[in-house]
Amino acid sequence: EPPLLIPTPDARATADAVARASGRSVHEVTLVLGSGWSEVVVELADPGTAVTIPVSDLPGFVPPSAAGHRGTVTSCLVDGVPLLAVAGRSHLYEGLGTDPVVHPAHVAAAVGSGVLVLTNAAGGLRADLAVGDLVLISDHLNLTGRSPLTGPAFVDLVDAYSPRLRSAAADALQAVTGSRPAEGVYAAMPGPQYETPAEIRMLRTLGADLVGMSTVPETVAARGLGLEVVAASLVTNLAAGVTGQPLDHAEVLAAGAAGAERLTDALRALVPAVARG
Ligand code: 6GU
C-alpha cells in the first residue's frame, strides 16, 4: 500500500539542499538526536565523512530554543552506512504546532531513508530503570492532546516501533555494552513543565515506563510516511515522586553529557544494525 502521507515541499527542498552539500542522494537512515544526545554527532561519523549544515540554512526547521539542542543537520557515513543526523528537534511546548516537530520525519522520507531513529531524554518510572540507562521504546501513550495528522489519514500504530529492528538494535547494543537494553512504554506529555508526583502515579497506572516531551508526533508522522521507526530513551532522571527530589533541565543535560561516550558507541553499533535489518 502507498503511504498515507507524502513529504512536505519544505522537506523535499531540505533533501535537495542536503544532496547538493553532501553529494549523497540517499541517506539510508535518519537519526534525530534529542536532549543530551546532540554531542554524539561529532564522534559518530566515520572519519572525514561528515558534512554539517546549520538548520538556519534549511527550510522547515525552527532553530532550537532549549539549551542542549544544537540545530544542525549532518550527512555522514557510519560504518559505511549513509546517515542523516538531525540535532536540535522542535518540541510541542515551543507553541509552533506540530509542523516543525515532524519536519525531521518528513526530511527522512525525502532523503530516502527507510528507517528513522529517534532519541530522547526521559524520566524513568519503572523501578528497574536507573539514571543513565538506555531503553528501547516498545510502544507509546500519546498524552500530548495533539496529532500531526489532519484529514482521513488513519495511520495504523500497531508495532509502530518495529519489533524486527528493535531486536536488531538490542542485539547490537548487547554486543557493545555486554547487556541487553531494557524496553519500555513512553508517555509523551505536552510540557514544558515536569509532572507532579500525582501525575507520575497516574502515568504508572496507565502503563508508562518512561515520560518525556517528544518522539510521539514524529513516530506518528513517520508511520504515515511509510518509515520504520526505532526509538531510544536515555533515562536522565527518575520521575517526580520516585526520588522526592525536584527536577531541573540542567540535571537532564548533565546526565546526557555524562553518557555521551556510551551513547556514541551505542549509536555507532545501532545505526548499521537497523540499516541492515
Ligand atoms: Cl520526569 N518528565 C518529562 N515530561 N520529560 C522529561 C523528564 C520528565 N525527564 C526528562 N525529560
Side-chain angles (χ1 to χ4, degrees), residues 31-40 64-70 86-96 98 100-102 104 117-148 161 181-220 231-260 262-263 266-267:
L31 167 67
V32 177
L33 296 161
S35 312
W37 291 73
S38 329
E39 291 310 312
V40 314
S65 60
H69 293 275
R70 71 169 58 235
V86 179
R89 60 149 63 91
S90 294
H91 293 84
L92 289 175
Y93 60 69
E94 288 164 278
L96 300 173
T98 56
V101 174
V102 300
V117 178
L118 300 168
T119 64
N120 63 53
L125 281 79
R126 212 169 61 203
D128 65 292
L129 298 180
V131 171
D133 283 358
L134 210 157
V135 183
L136 293 174
I137 296 177
S138 56
D139 204 346
H140 75 220
L141 295 168
N142 182 0
L143 302 176
T144 65
R146 308 291 298 263
S147 170
Y161 301 89
E183 295 196 356
V185 173
Y186 178 91
M189 297 292 279
Q193 72 280 4
Y194 291 116
E195 296 70 34
T196 64
E199 286 166 341
I200 293 302
R201 289 194 296 276
M202 170 188 78
L203 292 173
R204 278 217 192 85
T205 302
L206 296 178
D209 302 310
L210 302 156
V211 59
M213 309 177 196
S214 68
T215 304
V216 161
E218 294 97 310
T219 295
V220 172
S233 290
L234 174 67
V235 176
T236 52
N237 53 273
L238 300 178
V242 178
T243 62
Q245 295 298 306
L247 296 180
D248 75 296
H249 188 59
E251 173 193 15
V252 170
L253 296 183
R262 245 171 2 93
L263 298 181
L267 289 175

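When a ligand or atom number is given, it counts from 1 through the structure's own listing order.
Atoms of ligand 1 found under 4.0 Å from any heavy atom of Glu195 (numbered from 1 in listed order, with element): 1 (Cl), 2 (N), 3 (C), 4 (N), 8 (C). Proximity to Val211 (heavy-atom distance under 4.0 Å) selects the following atoms of ligand 1: 1 (Cl), 2 (N), 3 (C), 4 (N), 5 (N), 6 (C), 7 (C), 8 (C). Taking every heavy atom of Thr236 and a limit of under 4.0 angstrom, the matching atoms of ligand 1 come to 10 (C). Applying the 4.0 Å criterion to heavy atoms of Met213 picks out, from ligand 1, the atoms 3 (C), 4 (N), 5 (N).
For atom 11 (N) of ligand 1, the closest non-hydrogen atom of the protein is Ala121 O, 3.5 Å. The nearest protein atom to atom 9 (N) of ligand 1, hydrogens excluded, is given as Asn237 OD1, 2.8 Å; this is a heavy-atom distance.
Contacts between Ile200 and ligand 1, counted as non-hydrogen atom pairs separated by less than 4.0 Å, are absent for every part of the residue.
Side-chain contact between Arg89 and Ser214: present, with at least one pair of heavy atoms (C-beta onward) separated by less than 4.5 Å. Looking at Thr98 and Thr144, their side chains never come closer than 4.5 Å, going by heavy atoms from C-beta outward.
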- Verdict with supporting geometry, Leu33 and Leu267, side chain to side chain contact (heavy atoms under 4.5 Å, CB included): CA-CA 10 Å; Leu33 296 161; Leu267 289 175; 3.9 Å; yes
- Item | Verdict with reasoning, Leu203 to Met189, per side chain to side chain contact (heavy atoms under 4.5 Å, CB included) | CA-CA 10 Å; Leu203 292 173; Met189 297 292 279; 4.1 Å; yes
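For atom 5 (N) of ligand 1, the nearest non-hydrogen atom from the set Ala188, Gly124, Gly212 belongs to Gly212.
With rounding to the nearest 0.5 angstrom, the NE2 atom of His91 is 7.5 Å from the OG1 atom of Thr215. Taken to the nearest 0.5 Å, the CG atom of Leu234 stands 10.5 Å off from the CG atom of Leu210.
Of the polar atoms of Ala239, none of the N or O atoms is found under 3.5 Å from an N or O of ligand 1, judged by distance alone.
Residues in residues 124-139 take part in these salt bridge (Lys or Arg N to Asp or Glu O under 4.0 Å) pairs, two or more places apart or across chains: Arg126-Asp128, Arg126-Asp209.
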